[in-house]
Amino acid sequence: MTTLAQGLSHGGVITWRNLTNVRRNPELLLAATLQPIMFVLLFAFVFGGSMGGGQPEVYREFLMGGIFAQTVAFNSAYTTIGMANDLQKGIIDRFRSLPMSRAAVLFGRTAADLAVTGVGLVVMSLCGLLVGWRIESSFGEAVLGFAVLFLFGFAMSWIGALIGMAAGSVEVAQSAGFIWMFPVTFISSAFVPQTSLPQPLKAFADWNPVTAIANASRELFGNPMSPPIPNIPEPHGWPVENAALYSIICSVTIIAVFAPLAVAKYRKVASK
Amino acid sequence: MPSSEVAVRAEALVKTYGSTRALDGVDLEIPTGQVLGLLGPNGAGKTTTVRILTTLLRPDSGRAWVAGHDVLADPDAVRRSIGLSGQYAAVDENLTALENLYMVGRLYGKSRADSRARARELVDRFDLTEAADRPSKGYSGGMRRRLDLAGALVASPSVVVLDEPTTGLDPRGRLDTWEVIGELVTAGTTVLLTTQYLEEADQLANSMMVIDRGKVIASGTADQLKREVGGERLEIVATDAADLPAVRTALAEVGSGEPTVDEHLRKVEVHVDAGSKALMEALRRLDSQDIAVHDAALHRPTLDDVFLSLTGHVAEQEPEEPADKKGKRAKKKGASA
């Protein structure tokens, strides 16, 4: 067997192991599904009235792209906790003492987390349909829209893996995995148009990958790029006009940087 | 490059963490098919040695070979030849015994069918058949440890490394584990075993190495070490203090060296070479003189005795534990007063 085929086979075994874990503990799915549902309902009905400029149904269509982006971004937190958990339980020592590919454990973890996020996306889409969200674009664009989301979720997972290995304990991982997600997802166009933000935040939001993912999915699902609030200009600039392309560049860059870092960290990390 | 008669060899291993030297020049050699017991208190460097030999940790300096492969230059070849069972049972608690072993088999590169067959075989051998299809979360500590040990043997490795395989097990679990290790040795496997119990190393190992603060302080067979420590101690507590001189005389005859007398506890102690024979002989003599015995005991040398005689200090426990407990207790007392 070639090294690559062996690596994939090992990655597949670890993915199977992680998904078996989820199947035996369905409560692990709760966080991944309930949280986005909660966000859809809260934002749609709490903010929809004031931010929708009298058209809450338009805000809800705008909102869905943002919540999709937030959900796939939060994928990193699950990877963080999963890695920290495996380290604490000592099973990583067993894996590291086996003649297996160094990347397989990480690949198996990110792949399984992506599957969980996929379940979250399906539940959320159904929830979105209930509050009035519709895909207004072609079938091909819609597929590309979901592909962009999955790619970003996968990319974020590698950042999460690195944090999980650096955290040292599950308790630290639990806060470290989530806390940085809030500024990253809120200082973006996920819930408000980025043009409504004050200056330093706006510059961050303009180039924030979460903005790119939210805007790309709005564009590819045929949803409005900004809610109909008076006196808030439509966003423009290169990242907005090329949202899909920019979001793919972001995801690929994150993978190219963080996957090798995570593998290097995995080689060195000592189980606590 | 060591010859094929040597399964494990380490030369001058050094590993430092900050200012602590976890390993300070450890040499080690295990002939093929033999068991080496690595003995020492917590923090002595046992686990660090194990982690270096199993490729989990790189030493700062020094070299090591396992099953003919250089640990640093060819870690993958080492991993293919070894099985590791760690201090904490490294099993996935959400997978069943069969699934855990299947997974390990697949990761060793075995086919699906081979992995399944091997998992079944090991589950039966390790007495886990009934629990084989339940998630290991519900297993007892002993069952988990057996499963972990089984995981180390999936690929029938020629060298097995066991890091404190019986720590935290009940006596029954300890005996079971000893039995498995005995079988491995019969099958010709080379075993590196770390333990805190002299008795365990005595039972299982061909030779022992005692380490303390990252240094090898003694090595040899169990008998050699015991001779250094001074063998066993016979202790007799007389019912009547008036009998103490007679007890002392009796013990001087069966023991080696001068007995010590503790008048307050009415206790006489002496080193003995003959163990239980000396105990019985002493009791016989006392009985024939109608001397009533309150308590009689034979103490095997413990790790503490080894340390006391080798280093002049008692084996240190985990430093944070006793201090911490004392602190808490003191606080509680303060709060209730």
Margin query: Before you tell me yes or no, could you show the steps for B:Met103 and A:Ile91 under side chain to side chain contact (heavy atoms under 4.5 Å, CB included), namely the whole-Å CA-CA distance, both residues' side-chain angles and the distance that decides it to 0.1 Å?
Written below: CA-CA 12 Å; B:Met103 174 175 75; A:Ile91 195 147; 4.3 Å; yes
Note to self: Applying the side chain to side chain contact (heavy atoms under 4.5 Å, CB included) criterion to A:Pro99, which one of B:Leu107, B:Thr55, B:Asp76, B:Val78 satisfies it?
What the structure shows: B:Asp76
Notebook entry, point to check: What residue in B:Leu84, B:Ile82, B:Val154 has the most heavy-atom pairs under 4.5 Å with chain A?
Noted result: B:Leu84
Note to self: Within residues 14-21 of chain A, which residues come under 4.5 Å of chain B, heavy atom to heavy atom?
What the structure shows: A:Ile14, A:Trp16, A:Arg17, A:Thr20, A:Asn21
Margin query: Is there a side-chain contact between B:Arg106 and A:Leu98 in this structure, where contact means two heavy atoms from C-beta onward sitting under 4.5 Å apart?
Written below: no
Check: Is A:Arg24 salt-bridged to B:Glu93, going by a charged N under 4.0 Å from an acidic O?
Finding: no
Item checked: Residue, of A:Arg267, A:Arg23, A:Arg102, that accumulates the most heavy atom pairs under 4.5 Å with chain B -> A:Arg102
Next item on the list: Identify which part of B:Ala155 has an atom lying under 4.5 Å from any heavy atom of chain A, answering side chain, backbone, both or neither.
Entry: neither
Next item on the list: Sort out for me which of B:Leu95, B:Val104, B:Thr54, B:Val161 touches chain A most, counting heavy-atom pairs under 4.5 Å.
Entry: B:Leu95
Note to self: Quick check on B:Arg112: does its CZ atom have over 12 non-hydrogen neighbours (other residues, nucleotides or ligands) under 6.0 Å away?
What the structure shows: no
Next item on the list: Taking atom CD of B:Glu130 as the centre, report whether more than 12 heavy atoms of other residues, nucleotides or ligands fall under 6.0 Å from it.
Entry: no
Notebook entry, point to check: Under a 4.5 Å cut-off applied to non-hydrogen side-chain atoms, are A:Arg96 and B:Leu56 in contact?
Noted result: yes
Note to self: Is it true that, when you exclude A:Ile179 itself, more than 12 heavy atoms of the residues, nucleotides or ligands shown sit nearer than 6.0 Å to its CD1?
What the structure shows: no
Next item on the list: Kindly state each residue pair satisfying ring-ring contact (aromatic ring centres under 6.0 Å, His included) with at least one member in residues 70-118 of chain A, sequence neighbours excluded.
Entry: A:Phe74-A:Phe178, A:Phe74-A:Phe182
Note to self: Taking the basic N atoms (NZ, or NE/NH1/NH2) and the acidic carboxylate oxygens, is any pair closer than 4.0 Å for B:Arg51 and A:Asp93?
What the structure shows: yes
Checklist line | Donor-acceptor pair, side chain of A:Arg94 and main chain of B:Asp148, under 3.5 angstrom | finding: yes
Checklist line | B:Thr96 portion near chain A, given a 4.5 angstrom heavy-atom threshold | finding: both
